[in-house]
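Counting convention: from 1, in listed order, for ligands and their atoms alike.
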Amino acid sequence: MKILVTGGAGYIGSHTCVELLESQHDVVVVDNFSNSSPKAVERVEALTNKKITCYEVDICDVELAQVFEEHQFDAVIHFAGLKAVGESTKEPLSYYQHNVQGSLNLLRMMKKHGVKTLIFSSSATVYGQAKIVPIDETSQLQPQSPYGQTKLMVEQMCKDLSAAQDDFTAVMLRYFNPVGAHQSGMIGENPTGIPNNLLPFISQVAVGTHPELRVFGNDYNTVDGTGVRDYIHVVDLAQGHVKALEALHQSNQFTTLNLGSGKGYSVLEVVDAFSKLNDVKVPTIFVPRRQGDVEICYAACDKANQLLDWETKLSLSDMVIDTWRWQTNNPQGY
Ligand code: NAD
Ligand code: UFG
């Protein structure tokens, strides 16, 4: 199939491009490089020995039309957007513009050009403070941030379009905590500024960029008092996209799917695995809970396991080892 990948130069997008190309699909990338580098696309080409047609285009702009005029796509995998929860509370309009308006523009283009399959990067953040774990797809939807709201709004647009157009397929993939990097060490997460997320921060402590990891809260009702999350290796996640595309592209339905490992690890368990397996020091200090954090969050992934014939293969050990390989091979990022 010929696939348009929006945000294909980004962290999850670049890993998904590798898996798509290795599964013999053709890939066209659209990215404005606001949070990524064209080098990521070059590395994907080098890794797979295949070509990608890449456009520097913002999905909110009229130039997107030209991309649809030049190619007849079988499906779109839509990663492009902004993703920092904290920033979204300070700059909500940017989030509504890039995530909602950008998606609306994309859906309009798809409709105009008869492209009938969309795989969308949603997020576990749509569940907000879920009271019951594991979280399944029927859990209440109550996002706590503008970022989460934008994800839910795009889901709703896709649901409504799917109801209006019988042959439209929309698959909403709700990711839990993507971490790790490709085993080659050639592509990985490349955060700009001080990272908010746990694994990139641990890596930067291990290379000495920061003196210690601040662990947000050690008074949760968990195995060691620190927050528990469902970490999923980005390569497993990327393969989930290919499986979703291949299994559901003619389903003519709106489908929501959790993509996680179904297991929860505490902050200290992750730190411990990272320092032991990579033989590095990761000093930690305990600080008060971070506002908005939940105690425990992990996914029920039975629906994705069954519908996609997919399950995660990579462990916490793979996640921390691959993160560190990427970091040491690319100390300055791309
Ligand atoms: P990323 O920032 O690495 O990738 C997003 C890409 O989209 C970047 O290359 C960026 O330059 C591009 N982009 C942003 N706005 C654009 C626009 N208007 N037009 C064109 N390109 C644009 O992020 P990621 O971690 O790869 O996340 C991909 C998607 O998955 C995002 O939609 C994100 O919200 C979602 N998601 C990520 C996580 C996570 O923890 N990484 C969790 C849940 C959901
Ligand atoms: N943590 C620390 N110190 C840090 C960073 C994180 O102790 O410096 C802790 C957090 O308190 C939390 C865990 O590590 O317990 C994971 O935190 P992350 O920031 O890595 O991830 P979150 O679970 O907060 O959020 C992530 C993405 C969201 C997405 C959500 C879905 O950032 O975009 O997963 O579950 F919506």
Visitor: Is the count of non-hydrogen atoms from other residues, nucleotides or ligands lying under 6.0 Å from Q66 atom CD greater than 12?
Guide: no

Visitor: Going by the atom numbers of ligand 2, which of them fall below 4.0 Å from some non-hydrogen atom of L213?
Guide: 3 (N), 4 (C), 8 (O)

Visitor: Could you check whether E155 and S122, counting side-chain N and O atoms only, form a donor-acceptor pair closer than 3.5 Å?
Guide: yes

Visitor: Checking a contact table here: which protein heavy atom is nearest atom 30 (C) of ligand 2, and how many Å away?
Guide: N177 OD1, 4.3 Å

Visitor: Using a 4.0 Å heavy-atom cut-off, which part of L198 comes near ligand 2: side chain, backbone, both, or neither?
Guide: both

Visitor: Looking only at non-hydrogen atoms, which of G13, G81, S37 approaches atom 5 (C) of ligand 1 most closely?
Guide: G81

Visitor: Could you check whether K83 pairs with E189 (Lys NZ or Arg NE/NH1/NH2 to Asp/Glu carboxylate O, under 4.0 Å)?
Guide: yes

Visitor: Verify the cluster assignment for F120 and V242: are they in a single hydrophobic cluster under the rule of side-chain heavy atoms below 4.5 Å apart?
Guide: no

Visitor: With H233, which of T323, D322, D318 fulfils side chain to side chain donor-acceptor pair (under 3.5 Å)?
Guide: D322

Visitor: Hey, which atoms in ligand 2 end up nearer than 4.0 Å to a heavy atom of N196?
Guide: 5 (C), 19 (O)

Visitor: Counting heavy atoms only, which part of Y265 comes closer than 4.0 Å to ligand 2: side chain, backbone, both or neither?
Guide: neither

Visitor: What atoms in ligand 2 come closer than 4.0 Å to a heavy atom of S123?
Guide: 29 (C), 36 (F)

Visitor: Give me the residue, atom name and distance of the protein heavy atom closest to atom 31 (C) of ligand 2.
Guide: A124 CB, 3.7 Å

Visitor: For K50, I'd like to know if atom NZ has over 12 heavy atoms of other residues, nucleotides or ligands within 6.0 Å.
Guide: yes

Visitor: Output yes when a side-chain donor or acceptor of T226 lies under 3.5 Å from a complementary backbone atom of N218, and no otherwise.
Guide: no

Visitor: May I ask you to decide whether D236 forms a salt bridge with K313, counting only side-chain N to carboxylate O separations under 4.0 Å?
Guide: no

Visitor: Could you list the atoms of ligand 1 found under 4.0 angstrom from a heavy atom of S34?
Guide: 10 (C), 11 (O), 13 (N), 14 (C), 15 (N)

Visitor: Is there any N or O on P178 that sits under 3.5 Å from an N or O of ligand 1?
Guide: no

Visitor: Taking 4.0 angstrom as the limit and counting only heavy atoms of G227, give me the atoms of ligand 2 inside it, by number and element.
Guide: 15 (O)

Visitor: Checking side-chain polar atoms at under 3.5 Å, does Q149 have a donor or acceptor matched by the opposite partner on Y95?
Guide: no

Visitor: What protein heavy atom is closest to atom 13 (N) of ligand 1, reported as residue, atom name and distance in Å?
Guide: N32 OD1, 3.3 Å

Visitor: Return yes or no for this condition: an N or O of F176 is under 3.5 Å from an N or O of ligand 1.
Guide: no

Visitor: Please work out whether the ring planes of Y11 and H15 are parallel, tilted or perpendicular, with thresholds of 30° and 60°.
Guide: perpendicular

Visitor: Are the aromatic ring centres of F73 and F68 under 6.0 angstrom apart?
Guide: yes

Visitor: Please check this pair: side chain of N278 against backbone of V320, looking for a donor-acceptor N/O pair closer than 3.5 Å.
Guide: yes

Visitor: Can you tell me if K2 has over 12 outside heavy atoms packed within less than 6.0 Å of its NZ?
Guide: yes

Visitor: For ligand 1, which atoms have a heavy atom of G7 less than 4.0 angstrom away?
Guide: 6 (C), 7 (O)

Visitor: Side chain or backbone, does G10 bring an N or O within less than 3.5 Å of an N or O on ligand 1?
Guide: yes

Visitor: Looking at Y334, I'd like to know if the NZ or CZ of R43 sits under 6.0 Å from its six-membered ring centre while staying within 45 degrees of the ring's axis.
Guide: no

Visitor: Give the single entry among K83, R174, H98 that approaches atom 41 (N) of ligand 1 most closely by any heavy atom.
Guide: K83

Visitor: Counting only heavy atoms, tell me which of Y298, F286, F216 gets closest to atom 7 (O) of ligand 2.
Guide: F216

Visitor: Does the side chain of D136 come under 3.5 Å of the side chain of Y127 through a donor N or O and an acceptor N or O?
Guide: no

Visitor: Looking only at protein heavy atoms, identify the closest one to atom 10 (C) of ligand 1 and say how far it is in Å.
Guide: D31 OD1, 3.4 Å

Visitor: When rounded to the nearest 0.5 angstrom, what is the spacing between CE in M172 and OG in S162?
Guide: 8.5 Å

Visitor: Tell me, which protein residue and heavy-atom name are nearest atom 3 (O) of ligand 1, and how many Å apart are they?
Guide: Y11 N, 2.8 Å

Visitor: Verify whether one side chain among T150 and N99 offers a donor that lies under 3.5 Å from an acceptor in the other.
Guide: yes

Visitor: For residues H249 and T117, is any side-chain donor paired with an opposing acceptor at under 3.5 Å?
Guide: no

Visitor: Give the residue, atom name and distance (to 0.1 Å) of the protein heavy atom nearest atom 28 (C) of ligand 2.
Guide: V85 CG2, 4.2 Å

Visitor: Report the nearest protein non-hydrogen atom to atom 33 (O) of ligand 2: residue, atom name, distance rounded to 0.1 Å.
Guide: Y147 CE2, 3.7 Å

Visitor: Is G102 near ligand 1, meaning one of its heavy atoms is under 4.0 Å from it?
Guide: no

Visitor: Taking 4.0 angstrom as the limit and counting only heavy atoms of S121, give me the atoms of ligand 1 inside it, by number and element.
Guide: 29 (C), 30 (O), 32 (O), 35 (C)

Visitor: At a 4.0 Å threshold, what atoms of ligand 1 neighbour a non-hydrogen atom of F33?
Guide: 11 (O)

Visitor: Backbone or side chain, does any N or O of Y175 fall under 3.5 Å from an N or O of ligand 1?
Guide: no

Visitor: To which protein heavy atom is atom 14 (O) of ligand 2 closest, and what is the distance rounded to 0.1 Å?
Guide: V267 CG2, 3.5 Å

Visitor: Nearest protein heavy-atom contact for atom 26 (O) of ligand 1: which residue, which atom, what distance?
Guide: I12 N, 2.8 Å

Visitor: Among N197, L199, I232, T222, which one has a heavy atom closest to atom 18 (P) of ligand 2?
Guide: N197

Visitor: Looking only at protein heavy atoms, identify the closest one to atom 19 (N) of ligand 1 and say how far it is in Å.
Guide: I59 N, 3.0 Å

Visitor: Look at ligand 1 and say whether N197 reaches it with a heavy atom at a distance under 4.0 Å.
Guide: no

Visitor: Could you work out, for atom 44 (C) of ligand 1, the closest of A80, S122, P200 by heavy-atom distance?
Guide: S122

Visitor: What residue and atom, counting heavy atoms only, is the protein's closest point to atom 11 (O) of ligand 2, and at what distance?
Guide: D293 OD2, 2.6 Å

Visitor: Counting heavy atoms only, which of R229, R290, R214, R289 is nearest atom 17 (O) of ligand 2?
Guide: R290

Visitor: Judged by non-hydrogen atoms, does K151 sit under 4.0 Å from ligand 1?
Guide: yes

Visitor: Between Y175 and F79, what is the ring plane arrangement, given parallel below 30°, perpendicular above 60°, and tilted in between?
Guide: tilted

Visitor: For the 3.5 Å polar cut-off, considering only N or O atoms, please tell me whether F79 and ligand 1 meet it.
Guide: yes

Visitor: How about H25 and E246: does a side-chain donor come under 3.5 Å of a side-chain acceptor?
Guide: yes

Visitor: Is it true that D167 and Q165 share a donor-acceptor pair across their side chains at a distance under 3.5 Å?
Guide: yes

Visitor: For ligand 1, which atoms, with element, lie under 4.0 Å from some heavy atom of S36?
Guide: 8 (C), 9 (O), 11 (O)

Visitor: Any atoms of ligand 2 less than 4.0 Å from a non-hydrogen atom of V215? List them with their elements.
Guide: 7 (O)

Visitor: Specify the protein heavy atom at minimum distance from atom 16 (C) of ligand 2: its residue, its atom name, and the distance to 0.1 Å.
Guide: Y231 OH, 3.4 Å

